[in-house]
Amino acid sequence: MINKLARRRIAWLALIVIVLFAIAIVAAPVWIIQPFRAQTEKGIAVSYLMRRWSPYVTVGALIISFVLVGWIWSGSRRWFAKAALIIILLPLLAVTWFSRQNHFEWMFNPLVHTAYAKTNDANFVNDSDMVLVVTNNGESVAYPVRLMAYHHLTQDVVGGRAIVATY
Amino acid sequence: MWETTVNGRVLHFHLAGINNQNFIMRDDETGSWWQQITGEAIQGPLKGQQLVSVIHDELTFGLWKKENPQGRVLKPDEAIERAGKYAPADWEARMLKVPVATATLDNTLEPRTLVVGIKVGDASRAYPFDAIVKQSPVLDDLGAQPIVIVLGDDKKSVRAFQRTVDGRKLEFFAKPNSVPLRLTDAETGSEWDFTGKAIAGPMNGKQLQKLYALNDYWFDWKTYNPNTTIYQLGNR
């Protein structure tokens, strides 16, 4: 009986450590890569690794956690222990979802359906507005700065040359 | 502005983060991270690779429209426009009042002085916009390359060119009272337009080679071009 109790404690501890680790690996790059904050080369490298692997790590953590929760749940008769198990799983589900999101595109929505107007139909730009211009093989394309300052980048093919316009 | 073909494959980019006030983009194909201002892959499988730069112009819409009546213009996304997320029309004036929070400040010029940054090889120089307005065409030598910087008729658009044609260095001056503007070179007396093309005279049909030129704030240009020099009005 004592043996079983000890194993349940280890299972609880493992569950908490796994959940905290998953939260840390998802939250740390968000913290490091903040606007208006200085970044270091090492900080960027670590953030890249965490962003790269967190979608897999969180799923692994989720599978192990479900097994642990199932095991603890089946041997538990106290309702508050069961409630705690569910509450512990919620942040893990949240970071598993977040690790697959690009929150920078929440701030600056990408142009999904890129569309162009002919020069003379472009009534959404004033003559005094600045535009970024790429010209190639006789084709010339203007990217209004006002739009680029928000989207920051858009893909295009100008005169047969595949480019990304950035600002 | 960058070419997206890398090792024979076209990459597709998304905004992925920020590194010291300059954004990082991520390509869907390999997941590598690229620094926008340098075009270099800083993390991931393609780390160390360099995108090929695409020389662009920064012009007023009115000037570009005259040069390219047959062009096309990127449209705003209607939902984003309706939500009011795009910058207001007067955002450039507002930006001038935003305080600067960069650590590597060089106060030779006021941080938000508007400059045109030009790079030739490893040499980079900041040309204060006011100096270009006063002196256009600005004749200079940058990293042993003779260059000319020209202000458009709108007094806002700027282009920079090499001023060596077929191994011959040219001295340009503005043709008085010409609208649209015309440059004349002292060596052959040919006439040149704002696109850098000779339209009359012995050089007729020749095209000046365009240079990388960026409209920027002084503090930003200095941050990413630490070895930049500053053009002094009346150097010549």
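Within every chain, numbering begins at 1; the chains are lettered A, B, ... in the order of the sequence lines, protein sequences first and strands thereafter.
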Among [options], single out the residue with the greatest number of heavy-atom pairs under 4.5 Å to chain B.
options: A:Ala115, A:Ala38, A:Ala122; result: A:Ala115
options: A:Lys118, A:Met148, A:Glu139, A:Met107; result: A:Glu139
options: A:Val141, A:Val134, A:Thr114, A:Asn109; result: A:Val141
options: A:Val131, A:Leu111, A:Ile32; result: A:Val131

Partner of A:Met130 by side chain to side chain contact (heavy atoms under 4.5 Å, CB included), out of B:Asn215, B:Asp154, B:Leu63: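 So, applying the side chain to side chain contact (heavy atoms under 4.5 Å, CB included) to A:Met130 and each of B:Asn215, B:Asp154, B:Leu63, only B:Asn215 qualifies.
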
Can you tell me which portion of [X] sits under 4.5 Å from chain B's heavy atoms? Options are side chain, backbone, both or neither.
X: A:Asp156; result: side chain
X: A:Arg51; result: side chain
X: A:Asn102; result: side chain
X: A:Ser47; result: both
X: A:Leu147; result: both
X: A:Phe104; result: both
X: A:Phe124; result: side chain

Can you confirm whether more than 12 heavy atoms, excluding those of [X], are under 6.0 Å from its [atom1] atom?
X: A:Trp79; atom1: CH2; value: no
X: A:Gln34; atom1: CD; value: yes
X: B:Asp28; atom1: CG; value: yes
X: A:Trp97; atom1: CH2; value: yes
X: A:Gln101; atom1: CD; value: yes
X: B:Lys206; atom1: NZ; value: no

Any donor-acceptor N/O pair, A:Thr166 side chain to B:Met1 backbone, under 3.5 Å: yes

Main-chain N/O of B:Gly71 paired with A:Ser140 side-chain donor or acceptor, under 3.5 Å: no

Proximity breakdown for [X] and chain A, heavy-atom pairs closer than 4.5 Å:
X: B:Glu67; value: neither
X: B:Val73; value: both
X: B:Ile37; value: neither
X: B:Ile80; value: side chain
X: B:Ala79; value: neither
X: B:Ser53; value: backbone

Audit row: A:Glu105, B:Arg26, salt bridge (Lys or Arg N to Asp or Glu O under 4.0 Å) steps and yes/no: CA-CA 12 Å; A:Glu105 292 196 338; B:Arg26 177 182 183 280; over 6 Å; no

Point-to-point distance, once rounded to the nearest 0.5 Å, from [atom1] of [X] to [atom2] of [Y]:
X: A:Asp129; Y: B:Leu59; atom1: CG; atom2: CG; result: 12.5 Å
X: B:Leu74; Y: A:His151; atom1: CG; atom2: NE2; result: 7.0 Å
X: B:Asn19; Y: A:Thr40; atom1: CG; atom2: OG1; result: 8.5 Å
X: A:Leu132; Y: B:Asp57; atom1: CG; atom2: CG; result: 9.5 Å
X: B:Gln35; Y: A:Ile44; atom1: CD; atom2: CD1; result: 7.5 Å
X: A:His113; Y: B:Asp77; atom1: NE2; atom2: CG; result: 8.5 Å

Max heavy-atom pair count under 4.5 Å with chain A, selected residue of B:Lys75, B:Glu81, B:Gln36, B:His56: B:Lys75

Selection from B:Ile55, B:Leu51, B:Leu15, B:Thr5 maximising heavy-atom pairs under 4.5 Å formed with chain A: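 The option with the most such pairs is B:Leu15.
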
Which atoms form the tightest heavy-atom contact between [X] and [Y], and what is the distance?
X: B:Arg72; Y: A:Val157; value: NH2-O, 3.0 Å
X: A:Tyr48; Y: B:Gly31; value: CE1-O, 3.4 Å
X: A:Thr119; Y: B:Trp64; value: OG1-CH2, 3.5 Å
X: A:Ile33; Y: B:Gly17; value: CG2-CA, 4.0 Å
X: A:Leu153; Y: B:His14; value: CD2-C, 4.0 Å

Distance flag, aromatic centroids of A:His152 and B:Phe13, threshold under 6.0 Å: no

